[in-house]
> 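Mind looking over this structure? Questions follow.
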Amino acid sequence: MKLVVAIVHNEDAGTLVDALLEREFRATRLHSSGGFLKQSNATVMLGVEDDEVDEVLGIVRESCHARTQIVNPMPPIMEPGEFFMPYPLEVEVGGATVFVVPVERFERL
Ligand code: 2BA
């Protein structure tokens, strides 16, 4: 068995969970946020049999899309007389960051 952990864009999370449920996968959606952009995203985790991992990754691929986001860099600490012109940076986020982790034991009690 494997635990699939997918960090996805908030806007894709609903579509992803619905698509998983439609194919009878049980999933848990957690609210999370990215360390770099500090914006909220979603973490979807599900326990699946080894031979189901590829199907799940296919559903993630179909449901989640890359996006470009603009980031305004933090200004540095300035000395008097120094001047800083902040140029916004473009960052590509996602489609999805996925970890597939072996599960030692799974129980529903
Ligand atoms: P964030 O940490 O907010 O990162 C958002 C996007 O910013 C990343 O997209 C990447 O394009 C860029 N980025 C992140 N760190 C960077 C850095 N040090 N320098 C330059 N650009 C950087 P993704 O790679 O698609 O990641 C989307 C979200 O997935 C991340 O949001 C984070 O929440 C999660 N994530 C990505 N890689 C991870 C990892 N190795 N471990 C845990 N979570 C991860």
Side-chain angles (χ1 to χ4, degrees):
M1 187 170 205
K2 297 283 191 287
L3 179 68
V4 179
V5 180
I7 302 161
V8 304
H9 201 280
N10 255 342
E11 287 172 25
D12 293 330
T15 311
L16 173 60
V17 171
D18 288 348
L20 289 168
L21 292 183
E22 212 168 277
R23 303 212 211 156
E24 297 188 5
F25 289 108
R26 294 160 190 252
T28 297
R29 173 179 172 170
L30 307 171
H31 295 280
S32 47
S33 55
F36 186 68
L37 294 180
K38 315 234 176 326
Q39 291 178 357
S40 70
N41 53 25
T43 300
V44 176
M45 53 180 220
L46 60 160
V48 297
E49 297 303 330
D50 288 15
D51 61 3
E52 294 173 322
V53 170
D54 287 341
E55 184 181 353
V56 167
L57 295 187
I59 298 170
V60 174
R61 220 171 262 122
E62 282 165 18
S63 308
C64 302
H65 307 285
R67 291 172 175 78
T68 304
Q69 290 192 216
I70 307 293
V71 191
N72 287 308
M74 293 285 288
I77 297 164
M78 305 292 291
E79 296 293 331
E82 283 183 334
F83 178 73
F84 173 71
M85 176 66 83
Y87 288 105
L89 289 174
E90 267 196 4
V91 175
E92 185 173 290
V93 185
T97 299
V98 184
F99 301 91
V100 179
V101 188
V103 173
E104 198 170 309
R105 183 167 164 174
F106 168 76
E107 293 191 32
R108 293 174 65 215
L109 303 174

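One-based numbering, in listed order, for ligands and for the atoms of each.
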> Please list, chain by chain and in numerical order, all residues satisfying salt bridge (Lys or Arg N to Asp or Glu O under 4.0 Å) with Asp50, sequence neighbours excluded.
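Partners of Asp50 by the salt bridge (Lys or Arg N to Asp or Glu O under 4.0 Å) criterion, ordered by chain and then number, come out as Lys2.
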
> Just go through Ser32, Ser40, Gly34, Ala6 and tell me whose heavy atom is the nearest to atom 1 (P) of ligand 1.
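The residue whose heavy atom sits nearest atom 1 (P) of ligand 1 is Gly34.
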
> By number and element, which atoms of ligand 1 are closer than 4.0 Å to a non-hydrogen atom of Leu37?
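In order of numbering, the contacting atoms are 1 (P), 3 (O), 5 (C).
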
> How far is atom 38 (C) of ligand 1 from its nearest protein heavy atom, and which residue and atom is that?
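Result: Thr97 CG2, 3.9 Å.
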
> State whether the side chain of Arg67 and the backbone N or O of His65 hold a donor-acceptor pair below 3.5 Å, judged by distance alone.
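Yes, Arg67 side chain to His65 backbone: donor-acceptor pair under 3.5 Å.
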
> What's the shortest distance from atom 39 (C) of ligand 1 to any protein heavy atom, and which residue and atom give it?
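The protein heavy atom lying closest is Phe99 CZ, 3.7 Å.
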
> Output yes when a side-chain donor or acceptor of Glu52 lies under 3.5 Å from a complementary backbone atom of Glu49, and no otherwise.
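Present.
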
> Strictly by modelled atom types, are Ser63 and Asp12 linked by a side-chain donor-acceptor pair under 3.5 Å?
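On atom types as modelled, these side chains do not qualify, holding no pair under 3.5 Å.
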
> Could you list who else is in Leu30's hydrophobic cluster, with ILVMFWY side chains joined at under 4.5 Å, directly or through other members?
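Joined to Leu30, directly or through intermediates: Met1, Leu3, Val5, Ile7, Met45, Phe99, Val101, Val103, Phe106.
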
> Which protein heavy atom lies closest to atom 43 (N) of ligand 1, and at what distance to 0.1 Å?
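The protein heavy atom lying closest is Ile7 CD1, 3.4 Å.
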
> What protein heavy atom sits nearest atom 2 (O) of ligand 1, and how far off is it?
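Heavy-atom neighbour on the protein nearest atom 2 (O) of ligand 1: Phe36 N, 2.9 Å.
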
> Where is the nearest protein heavy atom to atom 6 (C) of ligand 1: which residue, which atom, and how far?
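In this structure, atom 6 (C) of ligand 1 has Val91 CG1, 3.6 Å as its nearest protein heavy atom.
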
> For residues Arg108 and Arg26, determine if any side-chain heavy atom of one lies less than 4.5 Å from a side-chain heavy atom of the other.
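They are in side-chain contact.
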
> Give a yes-or-no answer on whether the side chains of Glu92 and Gln69 include a donor-acceptor pair shorter than 3.5 Å.
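Judged by distance alone, the side chains do not pair up.
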
> Using heavy atoms and a threshold below 4.0 Å, how should the contact between Glu92 and ligand 1 be classified: side chain, backbone, both, or neither?
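Backbone only.
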
> For atom 25 (O) of ligand 1, grab the closest protein heavy atom and report residue, atom and distance to one decimal in Å.
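Checking every protein heavy atom, the shortest distance to atom 25 (O) of ligand 1 gives Gly94 N, 2.7 Å.
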
